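A quick write-up on the structure given underneath.
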Amino acid sequence: MEKQLTGTLALAVFTAALGSLQMGYSLGVINAPQKVIERHYARSLGVYNEELARREGGNTTEHEEPTDASVVMYWSLSVAIFSIGGMASSFLVSFVSDIRGRIKGMLFINVLAITAGLLMGLAKMGTPYLMVIAGRAIMGLYCGLSSGLVPLYIGEISPVKYRGAMGALHQLAIVIGILISQVIGLDFVLGNDDMWHVLLGLSGAPAILQSLLLLVCPESPRYLYIKLGKVEEACKSLKRLKGDYDTSKDIAEMQAEKEEAMNEVQMSILRLLRSSVYRQQLFVALMMHLSQQFSGINAIFYYSTSIFQTAGVGQPVYATIGVGVINIIFTLVSVNRH
């Protein structure tokens with residue numbers, strides 16, 4: 001009798017979702033401490049007005065606006081380079097997942113996350129704007145790969161009955177990560193002159209825990225059977241994930257999927273765009289993603305504190321946290337619908 005839900009399955013899904021949590025943290029961490037980080041950029045560039053800061057009692061978080069173009073440029077690059085890195089690496093998801101496997105692939109890309117965390121965590125000891133930009137670029141590369149590997153692994157190991165709900169955990173972990181970064185980015189926690197680099201450096205912390213836990217997680221049975229043809233190992237992985245049961249039904253399903261995949265013509269992105277067979281499905285999928293991107297949600301994740309401050313909100317950081325809470329609530333609604 002198939003148990004469906006086991007401790008190993010729960011651990012594997014939790015471990016994979018740590019990558020999504022890290023992605024969410026990296027998305028939101030740059031938001032709250034914007035003014036603090038800009039001040040350190042200005043000091044490093046030699047354009048910080050110390051006399052003005054002393055006249056205003058040292059509290060420049062609310063009063064000082066960066067007027068130097070170089071500070072604005074480096075800050076904008078710190079934000080934008082993350083998305084550029086993610087966009088570039090997203091094209092390599094299939095290559096990494098098939099060549100290295102799902103588990104080894106996630107272990108491999110964690111090197112990027114830890115490297116990025118170290119660069120940003122040590123930014124105060126070097127040239128802040130260069131180290132933060134480099135760290136954000138590398139973290140973007142990690143997140144582009146993770147955004148494909150995590151849902152792929154969770155989808156492949158989840159029982160059909162729970163696949164929708166478990167797949168939604170990827171998005172839930174992202175919004176939780178965003179909220180965590182917003183909360184610990186408060187001035188009295190880590191979003192201040194003394195600890196801002198630690199706040200950014202923690203972006204790589206989940207990768208360390210995930211790397212340790214991945215060592216005890218089973219590889220995806222679908223990868224083992226369909227890609228590598230290892231029947232016995234696929235059966236062992238299925239039993240670890242679902243309990244001691246007759247795996248013949250799942251194996252037969254994967255065999256049919258493998259045969260179907262072998263008979264299909266390999267599709268490149270260019271060929272997919274030209275194909276009339278998939279045009280409608282492709283159009284619907286693209287419109288869904290484009291509507292999300294053009295809704296302005298990414299601008300909210302990156303600049304909401306600044307936006308609320310410009311709008312005259314007294315405590316813009318708390319308004320940003322409110323957005324994060326609402327984000328989680330509606331993601332939970334989505335999970336429950338599955």
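Heavy-atom basis, side chains included; hydrogens, waters and symmetry copies ignored. Because the structure is a prediction, the values reported are computed rather than measured.
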The test is side-chain contact (heavy atoms from CB on, under 4.5 Å); show your working for L145 and F95 and say whether it passes. CA-CA 10 Å; L145 291 165; F95 173 78; over 6 Å; no
Between L190 and W196, is there a side-chain heavy-atom distance shorter than 4.5 Å? no
Rounded distance (nearest 0.5 Å) linking atom CD1 of I109 with atom CG of L149: 5.0 Å
Criterion side-chain contact (heavy atoms from CB on, under 4.5 Å) on I174 and L27, from CA distance to verdict: CA-CA 9 Å; I174 289 175; L27 276 168; 4.1 Å; yes
S83 side chain to V79 main-chain N or O, any donor-acceptor pair under 3.5 Å? no
Tell me if a side-chain donor or acceptor on S89 pairs with a main-chain N or O of L141 at a distance below 3.5 Å. yes
Is a donor on one side and an acceptor on the other found under 3.5 Å between the side chain of T115 and the backbone of V111? yes
Looking only at atom types and distance, does a side-chain atom of S237 sit under 3.5 Å from a main-chain N or O of A234, one as donor and one as acceptor? no
Is there a chain of hydrophobic side chains (I, L, V, M, F, W, Y, each step under 4.5 Å between heavy atoms) that links I99 to L112? yes
Please answer whether the main-chain N or O of D98 pairs with a side-chain N or O of Y223 as donor and acceptor at a distance below 3.5 Å. yes
To the nearest 0.5 angstrom, please state how far the OG1 atom of T320 sits from the CG atom of L179. 11.0 Å
Note: K242 and T6 closest approach over all heavy atoms is C-CG2, 3.5 Å
Is there a side-chain hydrogen bond (donor to acceptor under 3.5 Å, both in side chains) between S304 and N31? Walk through the geometry before answering. CA-CA 7 Å; S304 62; N31 191 336; 2.7 Å; yes
I184 pairs by side chain to side chain contact (heavy atoms under 4.5 Å, CB included) with which of V198, V29, V189? V189
Could you state whether I114 and M139 fall into the same hydrophobic cluster, counting links through intermediate Ile, Leu, Val, Met, Phe, Trp or Tyr residues with side-chain heavy atoms under 4.5 angstrom apart? no
Ring-plane angle category for Y302 and F82, please: parallel below 30°, perpendicular beyond 60°, tilted otherwise. perpendicular
State, yes or no, whether a side-chain contact exists between M288 and Q292 at a heavy-atom distance under 4.5 Å. no
Answer whether the closest heavy-atom distance between the side chains of L238 and I251 falls below 4.5 Å. yes
Applying the salt bridge (Lys or Arg N to Asp or Glu O under 4.0 Å) test to R222, which of E156, E233, E253 qualifies? E253
Any side-chain heavy-atom pair from Y74 and I37 closer than 4.5 angstrom? no
Taking all non-hydrogen atoms of both residues into account, name the closest pair between G191 and V36 and its distance. O-CG2, 3.7 Å
Quick check: do L186 and Y318 have side-chain heavy atoms less than 4.5 Å from each other? yes
Do R102 side-chain atoms and S97 backbone N/O form a donor-acceptor pair below 3.5 Å? yes
Test your reading of the model: is there a side-chain donor-acceptor pair from N192 to the backbone of D187, 3.5 Å cut-off? yes
Step through the shown structure and confirm whether more than 12 heavy atoms of other residues, nucleotides or ligands are within 6.0 Å of CZ on F108. no
For S78 and Y41, what are the C-alpha separation, side-chain angles and deciding distance, and is it a side-chain contact (heavy atoms from CB on, under 4.5 Å)? CA-CA 11 Å; S78 299; Y41 282 12; 2.7 Å; yes
Taking atom NZ of K124 as the centre, report whether more than 12 heavy atoms of other residues, nucleotides or ligands fall under 6.0 Å from it. yes
Does one hydrophobic cluster hold both I226 and L224, with members joined at side-chain heavy-atom distances below 4.5 Å? no
For L241 and P218 the tightest heavy-atom approach is CD2-CG, 3.5 Å
Validation row: V323, Q182 side chains within 4.5 angstrom (heavy atoms): no
Search all heavy atoms of A116 against all heavy atoms of G135 and return the closest pair with its distance. CB-O, 3.2 Å
Taking the side chain as every heavy atom from C-beta outward, state whether H197 and V132 have any atom pair closer than 4.5 Å. no
Full working for salt bridge (Lys or Arg N to Asp or Glu O under 4.0 Å) between R240 and E219: CA-CA 10 Å; R240 285 187 64 191; E219 180 56 271; over 6 Å; no
Could you see if L92 belongs to whatever hydrophobic cluster contains M87? Use Ile, Leu, Val, Met, Phe, Trp, Tyr and a side-chain cutoff under 4.5 Å. no
Can you confirm whether more than 12 heavy atoms, excluding those of K258, are under 6.0 Å from its NZ atom? yes
Considering all heavy atoms, the nearest Q210-A16 contact: NE2-O, 3.4 Å
Nearest non-hydrogen partners of S20 and V150, listed with the distance: OG-CG1, 3.2 Å
Taking it one step at a time, do C217 and Y153 satisfy side-chain contact (heavy atoms from CB on, under 4.5 Å)? CA-CA 11 Å; C217 289; Y153 178 69; 3.9 Å; yes
Could you check Y303 against Q34 for side-chain hydrogen bond (donor to acceptor under 3.5 Å, both in side chains), going step by step and ending with a plain yes or no? CA-CA 8 Å; Y303 299 110; Q34 176 179 344; over 6 Å; no
Using only atom types and a distance under 3.5 Å, with no angle test, would you say the side chain of Q22 pairs donor to acceptor with the backbone of A207? yes
Is it the case that the side chain of S211 and the backbone of L107 share a donor-acceptor pair, with hydrogens and angles ignored and the cut-off at 3.5 Å? no
Atom CE of M125: over 12 foreign heavy atoms under 6.0 Å: no
Is it true that, when you exclude Q281 itself, more than 12 heavy atoms of the residues, nucleotides or ligands shown sit nearer than 6.0 Å to its CD? yes
Are I297 and I30 linked, directly or through other ILVMFWY residues, by side chains that come within less than 4.5 angstrom of each other? yes
Would you say R136's side chain and I81's backbone share a donor-acceptor pair under 3.5 angstrom? no
Do S276 and R279 come close enough that some side-chain heavy atom pair is under 4.5 Å? yes
Kindly indicate, with the supporting measurements, whether the criterion side-chain hydrogen bond (donor to acceptor under 3.5 Å, both in side chains) is fulfilled by Y129 and S70. CA-CA 10 Å; Y129 59 92; S70 60; over 6 Å; no
